[in-house]
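Inspection log for the structure reproduced underneath, given as structure tokens.
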Amino acid sequence: MTATQLRWLLGFSDPVHGVGWNLRASRAARWRLGRTRALLSLMGHPDRELTVVLIAGTKGKGSTAAFLASILHSAGVQAGLFTSPHLQDYRERVRIDGAMLSERAFDSAIDELRPFVARLRRAHPAAGEPTTFELTLLLALRAFVERKCRIAVVEVGLGGRLDATNALDPTISVLTPVSRDHTGILGRSLATIAAEKAGIARRGRPLLVAAQRPVALAAIRRASRTEDAQLALIRPLGARAELALAGDHQRQNAALAVAAARALAIPERAHAEGLRRAVWPARFERIGSRPTVILDGAHNDDSAAALARTLRAERHGRRLALVIGINRDKDARAVLRPLASVASAIVATRSDSPRAADPADVARLAGRVSHTPVAVADDIDAALRIARSRAGAGGLVCVTGSLHLAGEARTVLGVAPAERFW
């Protein structure tokens, strides 16, 4: 993908707030989904040629989507996968049967968006400009249809009710575990956040719901009754299920993927194979040895607690150096508390994101929640050098706090973006 094409696409986003924000986009309620619906109409509704599985939640959305895409591949079903954010290459957000579009194909797909943006301006001037996220979703849907995909597995960007992906009409809606995140946008209470995410429910269609905290489940049940959706609570898979992704929390994500596959009438024989072959980078991803580096994008309290449990099981008495960089809009104390308890040393750093918190501030917080020695590094390269020294050849290094940081670590460690998963 050429820099010129990507620059045009990213020109519809805010460099600080990200690809879902464009100061030139109308924030009026009618255009929050209306703009995407208008673009879909101008494009001839490519979404209507696909069976859409829409996945919302706070944690586990991407893993659930990856498990389901792997099951579909194992069944020989051509499926598209739309996820966010990317780790190293913007093309990672759009995959077909596990493969990214080639750079040339992605360039062409961006070019094809330009006339529709112009037509939107003429037909609906009150809508303002689209966002980069909206345009990337449309790019993905067109690519899926052009390459004869039957099913689109779509991860919600933020929230649910007003996310651009909710302009689609999902056959199946999936809700992973809900916890507090993006509280400045979605609301301060867990019930409010859960209700926003449950906005992806559709009348008379399955709403597959993970185990939830009682207050979140109550809100989801109310939203489901209002919409008259077919709510089904999905329990985590048992310990005998073999999963490609590490951590007990992945048993819930895998169970949701299996439930969605059954709702799609995917043969049972493909389920176990898909769970064993799933690929999802930077979710407890192990790289190298002496010491082994683990990458994980945990960035809120629940995901950090799940990571801490998995690290405790993996550690086996070895020294563990934690490399952590957190964005300013996250609750750093809530992320640090469970992780600091399992670390032998902590290195606070930052990604190159404009939202990244000052590592000195992160280090001060780490010192308050733990007696673990804390160092500060200006970037991920320096942080990894310090962490490897603190862990020793026989130890572990874990990079976490944001997916952006995990993606930078992959690049520094010499791991290229996966052009193809299978």
Side-chain angles (χ1 to χ4, degrees), residues 53-77 79 81 83 98 151 153-156 170-179 194 197-198 200 206-214 216-217 220-221 224 229-286 294 296-298 300 302-314 421-422:
V53 179
L54 188 58
I55 304 174
T58 305
K59 59 177 184 171
K61 293 181 295 181
S63 297
T64 301
F67 275 129
L68 179 55
S70 182
I71 290 170
L72 294 170
H73 171 79
S74 295
V77 176
L81 177 64
T83 58
I151 296 171
V153 181
V154 177
E155 179 187 356
V156 169
T171 299
I172 301 165
S173 301
V174 179
L175 198 51
T176 69
V178 175
S179 56
K197 293 180 182 293
I200 66 167
L207 174 64
L208 308 177
V209 180
Q212 306 284 346
R213 294 175 183 173
L217 183 56
I220 293 165
R221 285 189 184 280
S224 178
Q230 298 174 356
L231 186 147
L233 295 178
I234 308 300
R235 295 181 180 275
L237 295 181
R240 289 190 297 177
E242 185 182 346
L243 308 183
L245 307 182
D248 283 344
H249 58 288
Q250 293 292 0
R251 298 192 176 280
Q252 176 67 86
N253 301 328
L256 289 168
V258 168
R262 285 179 177 146
L264 292 166
I266 301 302
E268 294 281 333
R269 58 178 170 74
H271 299 180
E273 181 183 353
L275 297 182
R276 286 195 305 269
R277 296 181 60 183
V279 177
W280 200 227
R283 279 70 172 184
F284 212 85
E285 179 183 18
R286 300 175 183 87
I294 295 168
D296 194 278
N300 72 355
D302 280 1
S303 57
L307 173 59
R309 290 193 299 272
T310 309
L311 286 170
R312 196 169 283 111
E314 182 89 359
F421 282 164
W422 311 290

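Just so it is clear, the values below take in all heavy atoms, side chains as well, and ignore hydrogens, waters and symmetry mates.
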Handout entry: Test item: T83 side-chain N/O and G62 main-chain N/O as donor-acceptor pair under 3.5 Å
Key = no
Exercise for the section: To the nearest 0.5 Å, tell me how far L307 CG sits from D296 CG. Expected result: 4.5 Å
Problem - Which atom of A194 lies closest to which atom of A216, heavy atoms considered - result: CB-O, 3.7 Å
Practice task
May I ask you to test the S179-N300 pair for a side-chain heavy-atom distance under 4.5 Å?
Solution key: yes
Problem - Pair R269 + E273: basic N to acidic O under 4.0 Å - result: no
Practice task
Could you tell me whether the side chain of T58 and the main chain of V178 form a donor-acceptor pair under 3.5 Å?
Solution key: no
Practice task
Count the heavy atoms belonging to other residues, nucleotides or ligands that lie under 6.0 Å from CZ of R235, then report whether that count exceeds 12.
Solution key: no
Exercise for the section: Drop me the distance from N253's CG to L275's CG, to the nearest 0.5 angstrom. Expected result: 11.0 Å
Practice task
Could you tell me whether the side chain of L68 reaches within less than 4.5 Å of the side chain of I151, counting heavy atoms only?
Solution key: no
Exercise for the section: Measure the shortest side-chain to side-chain distance between L256 and F67 over non-hydrogen atoms and say whether it is less than 4.5 angstrom. Expected result: no
Handout entry: Side chain Q252, main chain I234, donor-acceptor under 3.5 Å
Key = yes
Practice task
Indicate yes or no for a side-chain donor-acceptor contact from R309 to the backbone of H249 under 3.5 Å, with no hydrogens or angles considered.
Solution key: no
Practice task
Taking T64 for its side chain and A257 for its backbone only, find out whether a donor-acceptor pair lies under 3.5 Å.
Solution key: no
Pairs under 3.5 angstrom only: tabulate donor-acceptor contacts from the side chains of residues 260-268 to other protein residues two or more places apart or in another chain.
residue, atom, partner, partner atom, Å
R262, NE, E268, OE2, 2.9
R262, NH2, E268, OE1, 3.3
E268, OE1, H271, ND1, 3.4

Handout entry: Sub-4.5 Å side-chain heavy-atom contact between L311 and F284
Key = yes
Problem - Beyond-backbone contact of S70 with F421, side-chain heavy atoms, under 4.5 angstrom - result: no
